[in-house]
Amino acid sequence: MIKAITGTKDILPPEIPKWKLLESIVNNVFKNFNYKEIRTPIFEETSLFARGIGEETDIVGKEMYTFLDRSQTSVTLKPEMTASVVRAFNEHSLGKLQSLNKFFYISPMFRQERPQAGRQRQFHQFGSEAIGGSSPLLDAELIIIAYNILKLLGLKDLTVKINSLGVPQSREKYKNLLREFLSGSKNYLSEDSRKRFDQNILRIFDSKVESDQEILKNAPLMIDYIDEESKNDFEVVKNLLAESKVPFEIDPKLVRGLDYYTKTTFEIVSGKVGSQSALCGGGRYDLLVEQLGGAPTPGVGFAAGMERILLACENENSLNIPKEEIDLYIIKIDKDLSSKVFELSLNFRNDNLVVEFDYLDRSVKAQMREANKLNAKFVLFLGGDEYKSGKLNLKNMSTGEQQLVDVNNYHQLSEFIKK
RNA sequence: GUGGGCAUAGCUCAGUUGGUUAGAGUAUCAGGUUGUGGCCCUGAGGGUCGUGGGUUCAAAUCCCACUGCCCACCCCA
């Protein structure tokens, strides 16, 4: 039997309501903050991601779904959205129509990693990109949006972490300092961290190895070495969050893995989703637009993993999904009334009722059991003696009461059932 | 890419030291008198025991390989 590709999952009908709920909350909150939805293609020219995300990152280096199409163009299934949105922003000169563009999106993403709890090869993210403003108000706004969405889903075990990476010049200075600090103990670092020392020294802070963290204990912190402007912006973000009652902690070790980040970075983690605890991550990228061929334009954004969020909701039992129900189930008592049932159901459906009936010629008992399983509010019995005199039995399934109603007056019946 | 765990009905799982037609619960379907649900009762269908080899008179059970899934590392949402 053919099975779904490793790391991909079917979302079956019983799971759809929680996805719809999540999507509607996302849509509402972004609308509330006046963000506009953007949809970009599922795949792009490979070089977009290579240049946008950074050649040295793990995403580009080993996780992209890249292949040659029939005209030998290298294309890649999008592993994240920022590069695509910036591409669209540049391609359509959106910065000329409006100086600040606030986008949001909901979309599948693709990364070829080993699946585990909270990690799939095709997964879904919602997120946003605010392009054209360098104000830290935007940084704070995005953190608040992400936090609000998670709160609206009823999540409690959340931690908002923020940090500032400064501008590239100050970051370079800091990297040198860190390199100097660690050079003496390099040989005591874990193998992974020794690799990081050469490739991307900042990520040593990500290490889960205890001895590494021990060595880092007295390391200089980037936050103490960033430039004045970054420092001021960071203060503004902190104050705005505090005023907005968003609890946060400063995590000087929060180093994000994508090359394009500058200044503010943030992450929201959950204690309820296993090892992959980041529900949401983002930050400012003031150089990316220019780097991808546009005019120098600052930007800030975040992405949130929808599977992880729903996993957290599940584990916190925070979602209140109402039971699905239907308005009316039409039961046919006489076998030869199929076309009449069909016609009646169309009438009620035109009146906007959710209607179901039996397509399989089953017994009345079986039809009743089906009606019950579907949480039908009412059942209408078609056939028998009362039908001969133009009447039908209507049964209220919660009270069990039955009443005779007129066959022809279905509009009136629809109104009755709707209440 | 690396490490660990697990593969028996649609789902959750039993299956004794290898030994007859592989079980349960649940779900599905059909019944429990004339045309009526939930609870309850009865019955039915459904399995090449992940795949392929091997050992044996005999394998779901022992051995090997492969595949898949889960979890963790790396990294990220």
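Order of the sequence lines fixes the chain letters, A, B, ..., with proteins taken first and strands second; residue numbering starts at 1 for each chain. No experiment lies behind these values; they were computed from the predicted model shown.
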Colleague: Just wondering, more than 12 heavy atoms not from A:N320 lying within 6.0 Å of its CG?
Modeller: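 Not more than 12 within 6.0 Å, no.
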Colleague: Between protein and nucleotides 1-7 of chain B, what N or O pairs are separated by less than 3.5 Å?
Modeller:
residue	atom	partner	partner atom	Å
B:U2	O4	A:R114	NH2	3.2

Colleague: In whole angstrom, what separates A:K62's NZ from B:C74's P?
Modeller: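 It works out to 10 Å between those atoms.
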Colleague: Ignoring hydrogens and angles, write down the donor-acceptor pairs under 3.5 Å from the side chains of residues 325-333 of chain A, residues two or more places apart or on other chains.
Modeller:
residue	atom	partner	partner atom	Å
A:D327	OD1	A:K377	NZ	2.9
A:D327	OD2	A:V354	N	2.7
A:Y329	OH	A:D358	N	3.4
A:K332	NZ	A:D361	OD1	3.0

Colleague: What contact category does A:A303 fall into here, base, sugar-phosphate, or nothing, at under 4.0 angstrom with non-hydrogen atoms?
Modeller: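 Sugar-phosphate only.
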Colleague: Rounding to an integer number of angstrom, what distance separates B:A24 and B:G47 when you compare their P atoms?
Modeller: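 Their P atoms lie roughly 15 Å apart.
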Colleague: Do any pairs count as a salt bridge (charged side-chain N to carboxylate O under 4.0 Å, His left out) and have a residue in residues 382-397 of chain A, sequence neighbours left out, and if so which ones?
Modeller: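 Sorted pair list: A:D385-A:K388.
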Colleague: Are the charged groups of A:E356 and A:R349 less than 4.0 angstrom apart, N to O?
Modeller: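 A salt bridge is present here (some side-chain N lies under 4.0 Å from a carboxylate O).
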Colleague: Taking only N and O in the side chain of A:S275, is any of them less than 4.0 Å away from OP1 or OP2 of B:C73?
Modeller: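 For B:C73, OP1/OP2 do have a side-chain N/O of A:S275 under 4.0 Å.
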Colleague: Under 4.0 angstrom, heavy atoms only, what part of the nucleic acid is A:K9 near: base, sugar-phosphate, or nothing?
Modeller: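 Counting heavy atoms under 4.0 Å across all strands, the contact made by A:K9 is with sugar-phosphate only.
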Colleague: Where along nucleotides 25-33 of chain B does protein come under 4.0 Å, by heavy atom, of base (B) or sugar-phosphate alone (S), with - for untouched nucleotides?
Modeller: ---SSSBB-
Colleague: Could you name each residue pair satisfying ring-ring contact (aromatic ring centres under 6.0 Å, His included) that touches residues 39-68 of chain A, not counting sequence neighbours?
Modeller: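 Passing the test, one end in residues 39-68 of chain A: no pairs.
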Colleague: Rounded to whole angstroms, how far apart are CG on A:D336 and C1' on B:G35?
Modeller: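 Computing the A:D336:CG to B:G35:C1' distance gives 14 Å.
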Colleague: Looking at every strand, decide which applies to A:G281 at a 4.0 Å heavy-atom threshold: base, sugar-phosphate, or nothing.
Modeller: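 The answer is sugar-phosphate, as A:G281 gets under 4.0 Å only of primed atoms, P, OP1 or OP2.
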Colleague: Taking side chain to side chain contact (heavy atoms under 4.5 Å, CB included) as the test, write out the residues that go with A:K238, two or more places apart.
Modeller: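 Result, side chain to side chain contact (heavy atoms under 4.5 Å, CB included) vs A:K238: A:I162, A:F234, A:E235, A:F248, A:I250.
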Colleague: Could you tell me how far B:A9 sits from B:G3 if I compare only their C1' atoms? Round to whole Å.
Modeller: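 So the two C1' atoms sit 33 Å from each other.
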Colleague: Taking the side chain of A:Q116 as heavy atoms from C-beta outward, which of B:G68, B:C73, B:C75 is closest to it?
Modeller: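 It is B:C73.
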Colleague: Does a nitrogen or oxygen in the side chain of A:K332 sit under 4.0 Å from OP1 or OP2 of B:G35?
Modeller: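 So the side chain of A:K332 is outside the cut-off, no N or O lying under 4.0 Å from OP1 or OP2 of B:G35.
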Colleague: Roughly, in whole Å, what's the span from CH2 in A:W19 to P in B:A77?
Modeller: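 About 16 Å, once rounded to whole Å.
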Colleague: Please list, chain by chain and in numerical order, all residues satisfying side chain to side chain contact (heavy atoms under 4.5 Å, CB included) with A:E63, sequence neighbours excluded.
Modeller: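 Per chain and number, A:E63 pairs via side chain to side chain contact (heavy atoms under 4.5 Å, CB included) with A:D58, A:I59, A:R111, A:E113.
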Colleague: Separation of A:L311 atom CG from B:C71 atom C1', in whole Å?
Modeller: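 In whole Å, B:C71 C1' and A:L311 CG are 13 Å from each other.
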Colleague: In whole angstrom, give the distance that lies between atom NZ of A:K3 and atom P of B:U67.
Modeller: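 A:K3 atom NZ is separated from B:U67 atom P by 13 Å.
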Colleague: Given atom CZ of A:R121 and atom P of B:C70, what is their separation to the nearest angstrom?
Modeller: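 A:R121 atom CZ is separated from B:C70 atom P by 11 Å.
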Colleague: Under 5.5 Å centre to centre and under 30° between planes: does that hold for A:F381 and the six-membered base ring of B:G35?
Modeller: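 No; by the centre-distance and plane-angle rule, A:F381 does not count as stacking on B:G35.
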Colleague: I'd like to check the side chain to side chain donor-acceptor pair (under 3.5 Å) partners of A:K161; sequence neighbours left out, ordered by chain and number.
Modeller: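 So A:K161 forms no side chain to side chain donor-acceptor pair (under 3.5 Å) with any residue.
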Colleague: Rounding to the closest angstrom, what is the interatomic distance between B:C74 and B:C13 at atom C1'?
Modeller: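 Roughly 35 Å separates the two C1' atoms.
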Colleague: Please tell me whether A:F123 and A:F110 form a close aromatic pair, meaning their ring centres lie under 6.0 Å apart.
Modeller: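 No: the rings miss the under 6.0 Å criterion.
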Colleague: Students often get this wrong, so: under 4.0 angstrom with heavy atoms, is A:D385 touching a base, only sugar-phosphate, or nothing?
Modeller: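 Base contact.
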Colleague: Do the side chain of A:D334 and the main chain of A:D336 share a donor and acceptor less than 3.5 angstrom apart?
Modeller: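 Such a contact is absent between A:D334 side chain and A:D336 backbone.
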Colleague: Considering only B:C71, B:C75, B:G68, which nucleotide approaches the side chain of A:R196 most closely?
Modeller: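 Side chain of A:R196 sits closest to B:C75.
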Colleague: Pick the P atom in B:G23 and in B:G43, then give their distance to the nearest Å.
Modeller: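 Taking atom P in both B:G23 and B:G43, they lie 15 Å apart.
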Colleague: Show me the pairs that pass ring-ring contact (aromatic ring centres under 6.0 Å, His included) and involve residues 132-158 of chain A, at least two apart or across chains.
Modeller: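 Of all non-adjacent pairs touching residues 132-158 of chain A, none passes ring-ring contact (aromatic ring centres under 6.0 Å, His included).
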Colleague: How far does the P atom of B:U48 sit from the matching atom of B:U33, given to the nearest Å?
Modeller: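 The same atom, P, in both gives a distance of 37 Å.
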Colleague: Could you work out the separation of B:A60 and B:G1 based on their C1' atoms and round it to a whole Å?
Modeller: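 Comparing C1' positions in B:A60 and B:G1 gives a spacing of 34 Å.
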Colleague: Take atom NZ of A:K377 and atom P of B:U36, then tell me their distance rounded to the nearest Å.
Modeller: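 It is 25 Å, rounded to the nearest whole Å.
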Colleague: Looking at B:C75, does its base get a donor-acceptor pair with the side chain of A:Q276 below 3.5 Å?
Modeller: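 Side chain to base: pair present.
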Colleague: Less than 3.5 Å between a donor and an acceptor, one on the side chain of A:Q402 and one on the base of B:U36, is that the case here?
Modeller: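 Result: at least one qualifying N/O pair found.
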Colleague: Which part of the nucleic acid does A:G400 contact within heavy-atom distance under 4.0 Å: base, sugar-phosphate only, or nothing?
Modeller: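 The answer is base, as A:G400 lies within the cut-off (heavy atoms under 4.0 Å) of a base atom.
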Colleague: By the side chain to side chain donor-acceptor pair (under 3.5 Å) test, which pairs, at least two apart or in different chains, include something from residues 278-291 of chain A?
Modeller: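 Qualifying pairs: A:E129-A:Y285, A:D139-A:R284, A:R284-A:D286.
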Colleague: Is there a side-chain contact between A:T262 and A:R171 (heavy atoms, below 4.5 Å)?
Modeller: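 Touching, per the 4.5 Å side-chain cut-off.
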Colleague: A:D212 has an atom CG; how far is it from atom C1' of B:C73, in whole Å?
Modeller: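 Going from CG in A:D212 over to C1' in B:C73 covers 13 Å.
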Colleague: What are the two closest heavy atoms between A:I215 and A:L182, and how far apart are they?
Modeller: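 In terms of heavy atoms, the two residues are closest at CG2-CD2, 3.7 Å.
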Colleague: Of A:P115 and A:A278, whose nearest nucleotide on RNA chain B comes first from the 5' end?
Modeller: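 Its nearest nucleotide being more 5', the pick is A:P115.
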Colleague: Rounding to an integer number of angstrom, what distance separates B:A77 and B:G5 when you compare their C1' atoms?
Modeller: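 Looking at atom C1' only, B:A77 and B:G5 are 26 Å apart.
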Colleague: Determine which bases of RNA chain B form Watson-Crick or G-U wobble pairs with both distances under 3.5 Å, and write the result as a 5' to 3' dot-bracket string with | for other-strand partners.
Modeller: (((((((..((((.....[...)))).(((((.......))))).....(((((..]....))))))))))))....
Colleague: Regarding A:Q112, tell me which of base, sugar-phosphate or nothing describes its non-hydrogen contacts under 4.0 Å with the strands shown.
Modeller: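 Nothing, no heavy atom under 4.0 Å.
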Colleague: Regarding A:E386, tell me which of base, sugar-phosphate or nothing describes its non-hydrogen contacts under 4.0 Å with the strands shown.
Modeller: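 It contacts base atoms.
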Colleague: Toward the 5' end of RNA chain B, which comes first, A:G7 or A:K395, by nearest nucleotide?
Modeller: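 Going by which nucleotide is closer to the 5' end, it is A:K395.
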Colleague: Considering only atom C1', compute the distance from B:C64 to B:U56 and round it to an integer number of Å.
Modeller: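 Nearest-Å result for B:C64 against B:U56 at atom C1': 16 Å.
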Colleague: Remember a base hit wins even if backbone is also touched, and classify A:L279 as base, sugar-phosphate or nothing at under 4.0 Å, heavy atoms.
Modeller: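 It contacts sugar-phosphate atoms only.
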Colleague: For residues 29-51 of chain A, pull every pair meeting side chain to side chain donor-acceptor pair (under 3.5 Å), keeping only residues two or more places apart or in separate chains.
Modeller: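 Of all non-adjacent pairs touching residues 29-51 of chain A, those that pass side chain to side chain donor-acceptor pair (under 3.5 Å) are A:N34-A:K36, A:Y35-A:E141, A:E37-A:R39, A:T40-A:K78, A:E44-A:S84, A:E44-A:R87, A:E45-A:S47, A:T46-A:S74, A:T46-A:T76.
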